[in-house]
J.: 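First, the structure itself, so that you have it in front of you.
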There are 2 protein chains.
Amino acid sequence: MQQANRMNPPRPKAQGATIRADQRLFLTDEQLRAGVELLFFAYRDFTGDPDRILAERGYGRAHHRAIHFIRHRPGLTVAGLIDLLGVTKQSLNRVLRQLIADGLVEQAVGEADRRQRILHLTQTGRELEASLSETQRERLRRAYLEAGPEAVAGFREVLHRMMDEGARRLVGGAGRT
Amino acid sequence: MQQANRMNPPRPKAQGATIRADQRLFLTDEQLRAGVELLFFAYRDFTGDPDRILAERGYGRAHHRAIHFIRHRPGLTVAGLIDLLGVTKQSLNRVLRQLIADGLVEQAVGEADRRQRILHLTQTGRELEASLSETQRERLRRAYLEAGPEAVAGFREVLHRMMDEGARRLVGGAGRT
DNA sequence: ATTTCTAAGTCAACAAGGCTGACATAAAAT
DNA sequence: ATTTTATGTCAGCCTTGTTGACTTAGAAAT
C-alpha cells in the first residue's frame with residue numbers, strides 16, 4: 001500500500017523570470033493533499049481524549065463544546081452560544097437541557113434584556129470542563145513544545161487564514177485582538 | 001487577556017543558562033486555549049465547503065472520507081480503509097455499499113489474497129472526489145499562500161506532533177516530508 | 001484433509017447529534 | 001396596541017457512529 005503520491009511533481013513550470021517553481025513547492029496539489037489528511041488525523045486524535053472522558057459520563061462532543069464556550073465567554077447568552085457553535089436552537093437546546101438538569105450549567109436572567117438567559121457553569125461544570133480541556137491543552141502543549149515557538153506561530157497563522165470571515169471575529173475569546 | 005492571537009511574535013529572547021518565563025509565553029493556558037478554539041473553527045469551516053456539495057448529492061462527510069482515501073491509496077483494501085478511518089466495519093459498509101451501488105466505487109478481488117477486495121474509484125467517483133477536494137485544497141492554498149512557506153512548515157510540524165503514534169504512520173501515504 | 005482463523009458482508013437495534021417545521025411565552029421595540 | 005425578538009419545546013427525520021450475531025469464502029495451520 002505504498003506510493004503513488006509522489007508522482008505529482010510540481011506543476012508550475014518555468015514561466016519567465018518572475019516566479020520560480022521551487023519557491024512554490026509548498027503549494028503543490030500533493031502538499032495540499034497532505035495538509036488535508038494531516039488535519040483529518042490531527043483533529044481526530046485531538047478530540048479523542050475528551051471523547052473518552054465524556055463517554056464515561058454519558059455525554060458527547062456537543063456537551064464539551066457547549067461547556068467550553070460557556071466557561072470561556074462570560075456573559076454568554078443562548079443566542080450567542082448558538083452563533084459560536086453554528087448549530088440550531090433545537091440542537092443546542094437538547095444538550096443544554098441535559099447540562100442544566102445535571103447541574104453543570106445554570107442560567108441567569110439578563111440584566112439589560114430580561115428575555116436573555118446568561119449562561120454560566122456551576123462548580124461541577126467547571127470541574128468537568130477543566131478535566132476535558134486539560135487533556136487537549138496537554139496534547140497541544142506537548143506539540144507546541146516539541147515544535148517550538150516559530151512553528152506555533154505558523155500553525156496559528158495558517159489556521160487563522162483557513163477560517164471564514166465570520167469565524168475570525170469569534171476567535172480568541174473575550175478581550176482579544 | 002489582551003493579546004494578539006494572530007501575529008504572535010515568537011519570543012526568541014536571549015537565553016541565559018536557565019529558561020525564563022517569557023520564553024514560554026506561547027505555552028500559557030490562554031495561548032493553548034486559543035489554539036483549541038482555532039482548531040475548532042478552522043476545522044469547521046474547512047469541512048463546510050465539501051459538506052455543501054455532498055448534501056446536494058445526498059451524501060455526507062463519511063462518503064467524502066471514504067472516497068478520499070480510496071482515491072489516494074491505490075490498492076487499498078476494505079480492512080485498510082477501516083483502519084484509516086477508525087470506524088467499524090458495519091459503519092463503513094453502509095457508506096461503501098451506497099458508493100458501489102451508485103457507481104462511484106468498484107471492487108476487485110485481491111491477487112495475493114482473494115478474500116480481499118481492492119477498492120478503486122470509477123470515473124464518476126474520481127470526478128466527485130476531485131470537486132470535493134478542490135474546495136479544500138483551494139482553501140488551504142489560499143491560507144498557505146497568505147501565510148507563507150515558513151508558516152506552513154510550522155503548521156505541518158505542529159499538526160504532526162499532535163497526532164497519536166499510530167496515526168503518524170498513516171499520514172501522507174508514501175514518502176512524506 | 002480437516003480445522004481454525006481471517007476478510008468481507010449483512011441484519012438488527014441503538015444512540016448522538018445534526019436538521020426542519022410548528023408553536024408558545026415573555027419581554028422588548030415600534 | 002402591535003410586531004419583533006429570545007428562548008423553549010414537541011415531533012419527526014437523517015447521518016453516522018456503536019454492539020452483537022451470523023454467514024461465506026478463502027488462507028493458514030495442524
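Below, read A as the first sequence line, B as the second, and so on, with proteins coming before strands; counting in each chain starts at 1.
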J.: On DNA chain C, nearest-nucleotide positions of A:Gly60 versus A:Glu111: which is more 5'?
T.: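 Its nearest nucleotide being more 5', the pick is A:Gly60.
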J.: Between B:Thr88 and D:dT18, does any side-chain N or O lie under 4.0 Å from OP1 or OP2?
T.: yes
J.: Does the pair A:Arg141/A:Glu146 count as a salt bridge with the N-to-O cut at 4.0 Å?
T.: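 Salt bridge flag = no for A:Glu146 with A:Arg141.
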J.: Examine C:dG18: is either OP1 or OP2 under 4.0 Å from a nitrogen or oxygen in the side chain of A:Arg65? Give yes or no.
T.: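 Yes, because at least one side-chain N or O of A:Arg65 sits under 4.0 Å from OP1 or OP2 of C:dG18.
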J.: What's the closest nucleotide to the B:Asp113 side chain, out of D:dG8, D:dT7, D:dG26?
T.: D:dG26
J.: Tell me what A:Gln107 touches on the nucleic acid: a base, only sugar-phosphate, or nothing, going by heavy atoms under 4.0 Å.
T.: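 Contact class for A:Gln107: sugar-phosphate only.
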J.: Would you say the base of C:dG9 and the side-chain of B:Gln90 have a donor-acceptor pair closer than 3.5 Å?
T.: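 Not at all, since no donor on one side and acceptor on the other fall under 3.5 Å apart.
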J.: OP1 or OP2 of D:dT15 versus the side-chain N and O atoms of B:His63: is any pair under 4.0 Å?
T.: no
J.: Look at B:Arg97 and C:dC11 and indicate whether a side-chain polar atom (N or O) is within less than 4.0 Å of OP1 or OP2.
T.: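 For C:dC11, OP1/OP2 do have a side-chain N/O of B:Arg97 under 4.0 Å.
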J.: May I have the distance from A:Arg114 (atom CZ) to C:dA28 (atom P), rounded to whole angstrom?
T.: 6 Å
J.: What integer distance in Å separates A:Leu92:CG from C:dC19:P?
T.: 10 Å
J.: Just how far, in rounded Å, is P of C:dC19 from CZ of B:Arg61?
T.: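 My rounded result for the distance is 11 Å.
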J.: Rounding to an integer number of Å, can you tell me how far B:Ile82 CD1 sits from C:dA8 P?
T.: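 The distance from CD1 of B:Ile82 to P of C:dA8 comes to 7 Å, rounded to the nearest Å.
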J.: To the nearest Å, how far apart are A:Leu99 CG and D:dG8 C1'?
T.: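 Checked: the CG to C1' distance equals 16 Å.
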J.: Ignoring hydrogens and geometry beyond distance, is the side chain of B:Arg115 in donor-acceptor contact with the base of C:dT6 at under 3.5 Å?
T.: yes
J.: Looking at the side chain of B:Lys89, which of C:dG17, C:dA8, D:dT16 is the nearest nucleotide?
T.: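 The nucleotide sitting nearest to the side chain is C:dA8.
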J.: In this structure, how many angstroms lie between the P atom of C:dG18 and the CG atom of A:Leu85, rounded?
T.: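 About 8 Å, once rounded to whole Å.
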J.: Are the charged groups of B:Arg137 and A:Glu30 less than 4.0 angstrom apart, N to O?
T.: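 Between A:Glu30 and B:Arg137 there is no salt bridge, as every charged N stays at least 4.0 Å from the carboxylate O atoms.
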J.: Tell me the interatomic distance from A:Tyr59, atom OH, to D:dG17, atom P, rounded to whole angstroms.
T.: 24 Å
J.: Between B:Asp164 and A:Arg139, is the closest basic N to carboxylate O distance under 4.0 Å?
T.: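 Salt bridge present between A:Arg139 and B:Asp164.
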J.: What does A:Arg94 touch in the nucleic acid at a heavy-atom separation under 4.0 angstrom: a base, only the sugar-phosphate, or nothing?
T.: base
J.: May I have the step-by-step check of salt bridge (charged side-chain N to carboxylate O under 4.0 Å, His left out) for A:Arg161 and A:Glu157, ending in yes or no?
T.: CA-CA 6 Å; A:Arg161 295 186 184 280; A:Glu157 175 80 2; 2.7 Å; yes
J.: Would A:Glu37 and B:Arg65 pass as an ion pair if we require N to O under 4.0 Å?
T.: no
